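These notes are about the structure you will find just below.
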Amino acid sequence: MARVFNFSAGPAALPEEVLRQAADEMVDWRGSGASVMEMSHRGKEFMGIAAQAEADLRELMDIPANYKVLFLQGGASLQFEMIPINLLRGKPVADYVHTGEWAKKAIKAAKTFCNVNVAASAEDKSFTYAPAFADWKLTQDAAYVHYTANETIGGVEFHWTPKTGDVPLVCDMSSNILSKPIDVSKYGLIYAGAQKNIGPAGLTIVIVREDLVGKAQPTPPAMLDYKTHVEAGSMYNTPPTYAIYVAGLVFQWLKRQGGVATMERKNIEKAQFLYGYLDATEFYRNPVRREDRSRMNIPFTLKDAALDETFLKGAKERGMVQLKGHRSVGGMRASIYNAMPQTGVAALVDYLREFEKNHG
Ligand SMILES: *Cc1c(COP(=O)(O)O)cnc(C)c1O
């Protein structure tokens, strides 16, 4: 059976090469006689797999030595809670930037633990832009500043990094991590669920500056304390071993592609190709301010919502799936992460053109 072009926002498509390698190694990992799924997380083989994955991620993102890399579980959603629990450090206020559905969830979770100052919000224009840094009303001596680098549902992405001085910058990079080079040293903490642009669901990556670990007040339950996981090398309890292994294969694949700078070039090309077509017609529409448009998640509406089901059915017949927009915004959404090849975007644009011709 031929593989489809999968435009899902997450869990999302993985590189076919990675899936084939995982399949080849599924039953007998490199002569060990066992599947990675069956290995002890404390055994030599799996320890090697995890160490290689961390080393490759460090290389790809150029992560400085004073940052810890954690392989955790619980998704980005658990980080919405672990971040205030660990980073408030006795301070009463944290600053959050409100850019849409995911920022909203992060804010709601933080409110359980502290006063949240919404330093900037794009609610006035239905979350269709990234508020300019000059308009952020930051709290002096806030515990940290949190923002969402890419709003997966709204399709709004920051193409710049805020400068928060001595106040740690905390970023939800779930849906655009590894899509472009970033300067990790500008952040106090970066987190991302793996199932968008890294690998299988079940793994969450946290990159945290060393001096922010172990300062939680009061001391959290062990599983919720970054310190526990740092000290145990992410093996305090059984980690999501198979997800770490597949993420590691993706890191190796990214290195073979030429790393994140090459991915950025390809991601810009793919996104420009799709936006270029959407903008050139009256039939389709993307509502996001041009300079803040996401390269990863591209929501769009058809001129007549009554055509949505017909559109999706035709897409499926042509081997393109998961284009239905999030229930909160309707319409369509094409998620085109690293693993989506240019040929998939080209096939979508061909279909957009054909559909408009037949229904416009
Ligand atoms: C998917 C997503 C989340 C939630 O991730 P879970 O792993 O399901 O908790 C949070 N933030 C962003 C930006 C996302 O795309």
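Quick caveat: nothing in here was measured; it's all calculated off a predicted structure. Whatever order the structure lists them in is the order used to number ligands and atoms, beginning at 1.
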- Do we see a donor-acceptor contact under 3.5 Å between the side chains of Glu231 and Tyr236?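 Absent: no donor and acceptor within the cut-off.
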- Hey, can you tell me if Phe311 and Tyr351 have their rings parallel, tilted or perpendicular (30° and 60° cut-offs)?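 It falls in the tilted class, 30° to 60°.
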- Query: Using the ring of each side chain (for Trp, its six-membered ring), is Tyr277 parallel, tilted or perpendicular to Tyr284, with breaks at 30° and 60°?
  - Reply: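 Rings of Tyr277 and Tyr284: tilted, 30 to 60°.
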Between ligand 1 and the protein, which N/O pairs fall short of 3.5 Å?
{"residue": "ligand 1", "atom": "7 (O)", "partner": "Ala76", "partner atom": "N", "Å": "3.2"}
{"residue": "ligand 1", "atom": "7 (O)", "partner": "Gln195", "partner atom": "NE2", "Å": "2.9"}
{"residue": "ligand 1", "atom": "9 (O)", "partner": "Ala76", "partner atom": "N", "Å": "3.2"}
{"residue": "ligand 1", "atom": "9 (O)", "partner": "Ser77", "partner atom": "N", "Å": "2.8"}
{"residue": "ligand 1", "atom": "9 (O)", "partner": "Ser77", "partner atom": "OG", "Å": "2.6"}
{"residue": "ligand 1", "atom": "11 (N)", "partner": "Asp172", "partner atom": "OD2", "Å": "2.6"}
{"residue": "ligand 1", "atom": "15 (O)", "partner": "Thr152", "partner atom": "OG1", "Å": "2.4"}
{"residue": "ligand 1", "atom": "15 (O)", "partner": "Lys196", "partner atom": "NZ", "Å": "2.6"}

- Query: Got more than 12 heavy atoms from elsewhere within 6.0 Å of NZ, Lys255?
  - Reply: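 Yes, the 6.0 Å shell around NZ holds more than 12 heavy atoms from other groups.
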- Check ion pair Glu354-Arg318 (N to O, under 4.0 angstrom):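 Result for this pair is yes, salt bridge flagged.
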- Query: Quick check, are the ring centers of Tyr96 and Tyr147 under 6.0 angstrom apart?
  - Reply: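 That pair fails the under 6.0 Å test.
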